[in-house]
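Mind having a look at this structure? Questions to follow.
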Amino acid sequence: MSNVINEANWKFHWRLTESAGIMVYLADFKGRRVMWEGSLPYVTVDHQQQSLDVATEASEVHGPWWVPLGTRTIQGPVRVQTFRGGVELSAQFQAGPYQYTQLWRFHDDGRLSPWLTIYGPGVHDQHTYHPHWRFDFDLDGARNDAFERFEGNRWHRVETEGWFPYGGEADESGSVWRQVDVDAGSAINIRPHSWDDAEVFAIRYHDGEWAPYSPRSAAGSQPFPAAYVGDEALDGDDVTLWYVAHVHFDQSFPYTAGPWIKVEGLGS
Amino acid sequence: MAAPKKAVKSAKPVKAKAKSTAAAPGKIASKQGAKAAGGRKTPDVAAADPTLFDPLTPGEIADALRTLTEDRRLGSMAKVGRYRVICTEPLVVKPPHWMAGHRLARVVVYDYAADRTVDACIDLDAGVVSHLEVTKSQPMLSRDEEALAISIAMTDDRVRAKLMLGDVPQTTMHYWGRNPKDISFARRSAAVIFGRSDGHSSVVAVVDLLDNQVTQVVPAEMW
């Protein structure tokens with residue numbers, strides 16, 4: 001099976017990674033470069049305590065855990081399927097009581113849906129999933145990008161790296177964050193799932209700050225991607241975005257997390 | 001607080017291997033500089049070669065590991081030989097970096113002897129380690145470590161005493177403790193989940209992979 005897909009106004013490549021699910025790279029929409037690479041570096045799982053006994057609370061703190069989604073956990077092949085108005089990649093992963101279906105959906109109107117369906121029982125009901133997507137968008141070239149968030153009823157340019165949670169405000173299309181190409185005026189709009197409790201980390205691209213092979217940094221330090229956040233300027237440079245969802249397990253699972261992404265201003 | 005930014009280390013090869021098709025990194029950089037000075041357009045991401053993202057061949061993986069272990073900066077690690085190769089995958093660097101267009105391998109190794117992680121970029125065209133970071137961060141577990149954690153947990157008496165009829169190892173989770181008092185807070189650890197094949201989990205065993213011992217046995221519903 002070819003790993004180059006040319007459908008629905010999109011041309012992109014994909015490969016199955018060791019730990020970051022299906023990675024999509026060199027994605028073009030209508031012949032113009034949109035994304036250098038995008039992947040799902042990890043899904044961490046946190047557990048909440050079941051005891052209401054205050055005395056036992058302090059001793060019952062377990063850390064997060066995760067399992068690589070990739071060659072060692074995939075169930076069956078990566079599927080490529082067309083649907084009305086687009087094409088999608090999908091793959092199922094399983095590790096014990098955790099099950100996931102990763103999706104990359106490409107629509108002919110410029111929408112892109114990197115999603116993750118979460119199911120499986122977990123070790124008990126009281127747990128929360130934190131899928132982390134990493135996007136390296138390169139709209140019409142890597143440089144001259146800027147990052148903006150919607151706040152106070154208008155778009156604000158973000159000057160420096162940081163962590164930007166969804167605060168409940170969105171533009172008329174539901175977008176909360178966007179990466180714009182300063183020269184071309186094109187944009188990548190990101191609309192979170194309303195139940196994702198999502199946040200975005202905007203980080204200046206550096207060689208060496210590639211997707212880490214674990215969320216775990218040094219003991220006592222922030223995990224990734226927070227460990228990559230400093231105070232470097234974003235405006236006019238190359239920006240990497242991490243979209244992180246926080247999904248509490250409940251009886252209504254399966255749940256599909258992940259953003260809607262819409263490419264805007266890239267004409268033919 | 002966020003960790004300080006790490007500067008990208010420039011390529012300082014110990015000794016470039018002689019390869020007919022490759023020049024030393026310094027030469028490559030100067031050639032590119034000459035081209036830029038000559039007025040040629042800076043290479044852009046739109047012209048990237050997709051084949052650079054292709055999975056590494058077994059030969060490329062072997063080449064990358066040989067180059068890494070021959071690097072003098074990792075001499076003690078290679079000599080002691082208590083390390084695990086966690087992952088070897090292709091890496092593609094964006095223009096205008098001097099390595100853009102080169103066939104690169106990213107190799108992540110966990111050095112048990114020094115309790116450290118080596119994250120390296122190997123330039124397969126030039127036969128050199130072109131980027132090297134040594135940190136205290138914890139990379140994911142290798143498949144061997146996942147299997148080792150299961151075998152350690154299965155032979156532990158406290159674990160065996162808690163298993164029910166039909167319980168088997170379901171998976172090995174990559175785990176670290178949140179509490180500084182926890183052994184797994186700073187040490188390389190795994191959590192093995194036991195349960196029935198229908199998905200119900202019964203016991204979680206935390207394994208310290210530095211000392212190869214079980215440090216915690218917790219009923220799954222209490223995790």
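It should be emphasised that the depicted structure is a prediction, and the values quoted were computed from it without experimental measurement. Letters go in sequence order (proteins before strands), and every chain restarts at 1.
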**Over all atoms of both residues, closest heavy-atom pair of A:Tyr213 and B:Cys87** =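 Closest heavy-atom pair between A:Tyr213 and B:Cys87: CE2-SG, 3.6 Å.
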**Prompt:** Is the closest basic N to carboxylate O distance between A:Arg15 and B:Glu89 below 4.0 Å?
**Reply:**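 Salt bridge between A:Arg15 and B:Glu89, a charged N being under 4.0 Å from a carboxylate O: yes.
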**Asked** A:Thr73 versus chain B, heavy atoms under 4.5 Å apart: side chain, backbone, both or neither?
**Response** neither
**Prompt:** Can you say whether A:Asp28 sits under 4.5 Å from chain B via the side chain, the backbone, both, or neither, judging by heavy atoms?
**Reply:**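 Contact with chain B involves no heavy atom of A:Asp28 at all.
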**Request:** Indicate the ring-plane relationship of A:Trp65 and B:Trp223, choosing parallel, tilted or perpendicular according to the 30° and 60° boundaries.
**Result:** parallel
**For chain B, the option from A:Arg33, A:Met23, A:Arg72, A:Gln94 that forms the most heavy-atom pairs under 4.5 Å** =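 It is A:Arg72.
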**Asked** Are any of the side-chain nitrogens in A:Glu37 or B:Lys94 under 4.0 Å away from the carboxylate oxygens of its partner?
**Response** no
**Request:** Examine whether an atom of A:Pro212 lies under 4.5 Å from a heavy atom of chain B, and if so say whether it belongs to the side chain, the backbone or both; otherwise answer neither.
**Result:**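 A:Pro212 touches chain B through backbone heavy atoms alone.
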**Message:** Any heavy-atom pair between the side chains of B:Ile193 and A:Pro97 that's under 4.5 Å?
**Reply:** yes
**Message:** Using heavy-atom distances under 4.5 Å, tell me whether A:Tyr42 contacts chain B through its side chain, its backbone, both, or neither.
**Reply:** neither
**Request:** Report the option among A:Val67, A:Val4, A:Val123, A:Leu16 that has the most heavy-atom pairs separated by less than 4.5 Å from atoms of chain B.
**Result:**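 Of A:Val67, A:Val4, A:Val123, A:Leu16, A:Val123 has the most heavy-atom pairs under 4.5 Å with chain B.
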**Prompt:** Quick one: does A:Asp46's side chain get under 4.5 Å of B:Arg178's, heavy atoms only?
**Reply:**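 Counting from C-beta outward, A:Asp46 and B:Arg178 do come under 4.5 Å.
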**Item:** Interchain contact, B:Pro180 with chain A, by part (heavy-atom threshold 4.5 Å)
**Value:** neither
